[in-house]
Amino acid sequence: MHYSRAHIWFVGPAVLLMFVILIFPILLAGGISFTNYNLGNPSFDWIGLENYDKMFSRKTYIKMIWATATYVLIVVPFSVVIGLCAAMLLNSLRFGADIYKTIFFLPVMATLLAMAIAWEFTLHPTMGLVNSFLANGCGGMREFVLGFHWLPWVNSNASWYHIACENNNDFPFWLKDRGYAIWTVCFIGVWQAFGFNMVLYLAGLTSIPRELYHAAEMDGAKSTWEQFKLVTWPMLGPTTLFVITITTIRSFQVFDTIEVLTKGGPSKSTYVMMYAIFEKAIQQNLTSIGAAITVVFIAFVILLTFFQRYVIEKRVHY
Amino acid sequence: MGTIKLQNINKSFGKTEVLNDLNLEIKDGEFLTLVGPSGCGKSTLLRIIAGLEQQTSGDVFIDNKNVNKTRASERDLAMVFQSYALYPHLTVRRNLETPLRLRDYSGLERIPLLGNLFPNKKNKTKKIQDLVHKTSETLKITELLDRKPGQLSGGQRQRAALGRAMVREPVAFLMDEPLSNLDAALRVHMRSELSELHANLKTTFIYVTHDQAEALTMSTRMAVMIDGKLLQLDTPQQVYDNPSSLSVAQFVGSPKINTIKGSINSDGTVKFLNLELHRTSSIKNTNVIIGIRPEHLEISKDHADNSIEGVVSYRENLGSDMFFHIEISGDNEKLIARGTPQLTSSISIGSKVFVKRLKGEALLFDQSGSRIKFTSDN
């Protein structure tokens, strides 16, 4: 019998390309992470796990993991919940939904870099829109509302707003303050991400059969909340899973805002992984440590994907 | 009790009028079928009764109480949907429990974990489980209780949906073409099962279908709707034998009733083709349409007096019955006649045949489609 070797020619190029441009670089990064190789060096030594050891013991890298975790854990839940709420609100609108969709989706379409520059101006400690808005409001309505003076238990002379006004308009420096920077970056992250989630949820909502809501109504689910619990939320399960996975991976990858707004500072409070890789491997030519961070980063993402694939997927598909 | 009364119901979507001044009274324990061609507004009417749709004007009464402003969830009706609309993420058991949980537990008792602290919840849970068990036994779905709807066949899903409606013992069941997603054999089987269920439960059933066979086989009374109007409300036999108009006569019965143009002369004699009817009409001197059902025609190859001559153009063999499509010689009209396979086996396509009609079975309609009575009808 004559065997043709044609199949090798069909499969070969694809396999080769996959190895050269996808798998090989990852393996290379893995290999480099066990050396002390720096770009431009003529030679290198194997140093085993030293790079990883550094990562989990040196303060800088602890801060890196801390900043990344904070960013992911804030941006994912907030952008998912806000995205879902926005989608449900838009879904209930009879007209005007398209306008809102466009507005909410704008931050997704625009380049984050340009948006980050706009945010930098807005949040500038002295000249920025936010702080001048706050400063001009001292003693007025803005102080009453934003200082929570309307809550009975807030002492209007001790509110954060009042104190800031007293101290010569000492409002937060937002991106320049260690205590605020990561939260401000998170806020921008949520602002940027929720529009995308909203669009995914809108698609998910339209695929829920209307008869299920009617069945729920006939079964006695009177309130919107009961119908949400009985129909909307379970039926959105697959969408939610996808939205969470995508948002988590994208949050791990945050870079543009950090590069433009904080450069990882102040005192490494916004030193997220992607920025760390960029700084070490590209700016400082410390290729090996950059490779080690990359490996940890990829491990995180793969772990997450597996978790999604094998643990949660079974629960959301019926 | 389960009486439902509809008074002057109108419904329009924008400029399209779907229901037009509809009045209907449904008796307690009745199996009422709303039947009509698709787009006649029967599903809309059912949804108005359910409260899922608001009528443009008119009143709905359930047990003599006006429910215009009552929400669907508070009308105490149960509905079986065409697509079954089972909750896909819940097991059949949970699907059946849902209407009971939503009604019997208070809001606080439904809170996960914390809800179990309420002393009454245990009793209620026991009651719910008993009811679900009882219903599943009636419908023979006990062994399916722990499966999810996705793992069930069409017929099993249908039963589960029925179970979810039954478990609560509602005032009336509303069914929106529940059998249309089943295969033909199962559909016929479920007809008898639904009738049986109705006989056991003695609850009011309101059943929407476009299939006149379902309406004829199951209902106590059937309401024929065409173009948003209720044309006739009567027992299936009456609707079949004594249709109020040509459209009802044409809709009910398969194959369709034969219609032939004819005329009435001055003494009330009805003439058509080369024949005349035995009975005389109460109206005189007009053109009419004569309706004769296929089973009221006799077909044979032998020449007979007072018969219509024609050629067989198509033969439908249903096993028990044989339907012949006949082109009438020297005329553009077509007839369908029923024969028994034994007696008509020699008649094939292209055969020349003679069609005789049975006495006293023809129906008369005027040009607009309304019934004309024979003088002997009263």
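All values reported here derive from a predicted model rather than from experimental measurement. The chains referred to below are lettered A, B, ... by the order of the sequence lines, with proteins before strands, and numbering in each begins at 1.
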(request) Below 4.5 Å from any heavy atom of chain A, which atoms of B/Arg47 appear? Answer side chain, backbone, both or neither. (result) side chain
(request) Let me know if B/Gln151 has heavy atoms under 4.5 Å from chain A in its side chain, its backbone, both or neither. (result) neither
(request) Name all pairs fulfilling the side-chain hydrogen bond (donor to acceptor under 3.5 Å, both in side chains) condition that reach into residues 80-96 of chain A, sequence neighbours left out, sorted by first residue then second. (result) none
(request) Could you tell me which non-hydrogen atom of B/Ala85 sits nearest to which non-hydrogen atom of A/Ala215, and how far apart they are? (result) O-CB, 3.7 Å
(message) Using heavy-atom distances under 4.5 Å, tell me whether B/Arg168 contacts chain A through its side chain, its backbone, both, or neither.
(response) side chain
(request) Would you indicate whether A/Ile99, at its atom CD1, is surrounded by more than 12 heavy atoms from other residues, nucleotides or ligands within a distance under 6.0 Å? (result) no
(message) With a sphere of 6.0 Å drawn around NZ of A/Lys229, does it hold more than 12 non-hydrogen atoms of other residues, nucleotides or ligands?
(response) yes
(request) Flag yes if more than 12 heavy atoms outside A/Phe228 fall under 6.0 Å of its CZ atom; otherwise flag no. (result) yes
(request) Tell me, yes or no, whether the heavy-atom count around A/Phe242 atom CZ, taken from other residues, nucleotides or ligands under 6.0 Å, exceeds 12. (result) no
(message) For a quick test of reading the model, state the closest non-hydrogen atom pair linking B/Ala72 to A/Met218 and the distance between them.
(response) CB-SD, 4.1 Å
(message) Per the side-chain hydrogen bond (donor to acceptor under 3.5 Å, both in side chains) rule, what does the pair list look like for residues 187-212 of chain A, sequence neighbours excluded?
(response) A/Ser79-A/Asn197, A/Asn197-A/Thr247, A/Tyr201-A/Thr240, A/Glu211-B/Ser83
(request) Grab the two heavy atoms, one from B/Pro88 and one from A/Met235, that are nearest each other, plus how far apart they are. (result) CG-SD, 3.3 Å
(request) Could you tell me whether A/Phe297 atom CZ has more than 12 heavy atoms of other residues or ligands within 6.0 Å of it? (result) yes
(message) Could you tell me if the side chain of B/Arg71 sits less than 4.5 Å from the side chain of A/Lys222, heavy atoms only?
(response) yes
(message) I'd like to know which of A/Val231, A/Asp219, A/Leu212 tops the heavy-atom pair count under 4.5 Å against chain B.
(response) A/Asp219
(request) Pick one of side chain, backbone, both or neither for B/Leu100, based on which atoms fall under 4.5 Å of a heavy atom in chain A. (result) neither
